[in-house]
Protein chains: 2
Amino acid sequence: MSRKPMVRPGGRSARVQEAVHAAVRELLAEVGRERLTVPMVASRAGVTPSTVYRRWGDLQELLSDVAVEHLRPETEPDDHGALPADMTAWAEQFIDEMSSPAGRAYIRDALLGDPDGSNAGQCSTYAAEQIDVIIARAAERGETVPELETVIDAVVAPIMYRILFRPTELDAPYARRLVASVLGGRQSAASQRRQRLIG
Amino acid sequence: MSRKPMVRPGGRSARVQEAVHAAVRELLAEVGRERLTVPMVASRAGVTPSTVYRRWGDLQELLSDVAVEHLRPETEPDDHGALPADMTAWAEQFIDEMSSPAGRAYIRDALLGDPDGSNAGQCSTYAAEQIDVIIARAAERGETVPELETVIDAVVAPIMYRILFRPTELDAPYARRLVASVLGGRQSAASQRRQRLIG
DNA sequence: CTCTTAACGCAATGGGTTTGCGTTTATGGA
DNA sequence: TCCATAAACGCAAACCCATTGCGTTAAGAG
């Protein structure tokens, strides 16, 4: 039942797509998610509501599209020269971006207008790709590295669980403990004690 | 801005609450989530739509209420006489109930119509209480037990993450691996350190 | 340039949402 | 038991979002 069987890539269609997405981003910041309506978006974008309904189906699917686009990482993870530093920095940035009210709203929107789970799967893929880069870089350096799935289970999943279900129990020290737990065996004893004291 | 400042516990209010909740459960099974509307629920419950709007605000909040009520465990976890068996059985049952399309829909509804996060927090509390019972029982037997927070991070969070973001990567053997990794015996070196580090 | 058809705008219709107002009733106190 | 207060509800009108038929525009192909 997808509303976009073959989107024309250029000309008017492209301008409408960009104008509508921009209107959603602007209005989300101005009036918030609660007051947002399709006619409001259409008016800001300079199109009629029926155009939005025909291309996106409803407000939820439009918001899901915008949310996934917003959640896509724009750059590769920073390179700090060592796996623990890379992964800790990534986890802290992940929390910064996702645990804010705006970030939680984007995650919720991505989950909401997503009947087949493809948008949610895309979000998971983004995180996996970022971590895969970090792991591959560490392996290139000769460091012993954990499995990607292990990191997802031990770092990404607990963070996302707290973002969604326990938003008050989330901070940077928690991220450092998670990273330390999954890398602990490969760290020096001094580094382990340092992590424990910091956390 | 809460729609329920002080809900009257008895009499007509209680009857309306029960009738509306029952109507939602029936209509969810009959027409599905997509076709469900507030006037439809109100008609089935024998009340006017304005009553529903005034008490719950909108359809999402009503669905969130019903979902949390549905996700509440009705019994204590089964007692198999040992911590690994108890926790494995609980994790497998958790997956059974939550990973079905209906279960995922309930979780999604609980998250989405939940502006202040209290309903989502309640869901997390339910799981924590169940695990706490299992841990307390094991401690009573004299078994060495992990911290509650450790189990939530290592078992509950990965399962929930997959339910929401990667529903195809979830099965009973995965649950057994998660439980095995967090418990003693043949646990991994990483999870041994996790028990010491997180607390 | 011409043809085809996807994409868009316009306008009317339907129905979900919201709100003012009067009535009912749960709750606490005399 | 009776009364006072205010919450909860029903009714109905008004509002506006969602939906759809139809004519027009313009992107892409030959």
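Since the structure is predicted, the reported quantities are computational estimates derived from the model, not experimental observations. In what follows, chains carry the letters A, B, and so on, assigned in the order in which the sequence lines appear, proteins first and then strands, with residues in each chain numbered from 1. Computation of the quantities below employed the complete heavy-atom set of this structure, encompassing side-chain atoms and omitting hydrogens, waters and symmetry-equivalent molecules.
- Nearest to the side chain of A:Arg54, among D:dG10, D:dC22, C:dG16, sits D:dC22.
- Relative to the side chain of A:Ser50, the nucleotides C:dC10, D:dC11, C:dA7 differ in distance, and C:dC10 lies closest.
- Side-chain N or O atoms of B:Arg44 include none that pairs as donor or acceptor with a backbone N or O of B:Leu27 at under 3.5 Å.
- Here D:dT19 presents its P atom at 13 Å from CG of A:Leu62, a figure rounded to the nearest Å.
- Distances were taken from every side-chain heavy atom of B:Val16 (C-beta onward) to each of D:dA27, D:dC9, C:dC8; the shortest belongs to D:dC9.
- For the pair A:Met40 CE and D:dC17 P, the interatomic distance rounds to 7 Å; values are reported in whole Å.
- Following rounding to the nearest Å, B:Arg35 (CZ) and C:dG16 (C1') show an atom-to-atom distance of 15 Å.
- Atom CH2 of A:Trp56 and atom C1' of C:dA7 are 11 Å apart (whole Å).
- Between the side chains of A:Arg55 and A:Gln17, a donor-acceptor pair is found at a separation under 3.5 Å.
- Here the side chain of B:Arg12 is nearest to one of C:dA11, D:dT25, C:dT24, namely C:dT24.
- In this structure, of D:dG10, C:dG9, D:dA8, it is C:dG9 that holds the atom nearest to the side chain of A:Thr51.
- Here D:dA27 presents its C1' atom at 13 Å from CZ of A:Arg55, a figure rounded to the nearest Å.
- Looking at B:Asp114 and A:Arg108, no side-chain N of the basic residue comes within less than 4.0 Å of a carboxylate O on the acidic one, giving no salt bridge.
- Between B:Leu62 and the options B:Leu36, B:Asp109, B:Val52, a side chain to side chain contact (heavy atoms under 4.5 Å, CB included) holds for only B:Val52.
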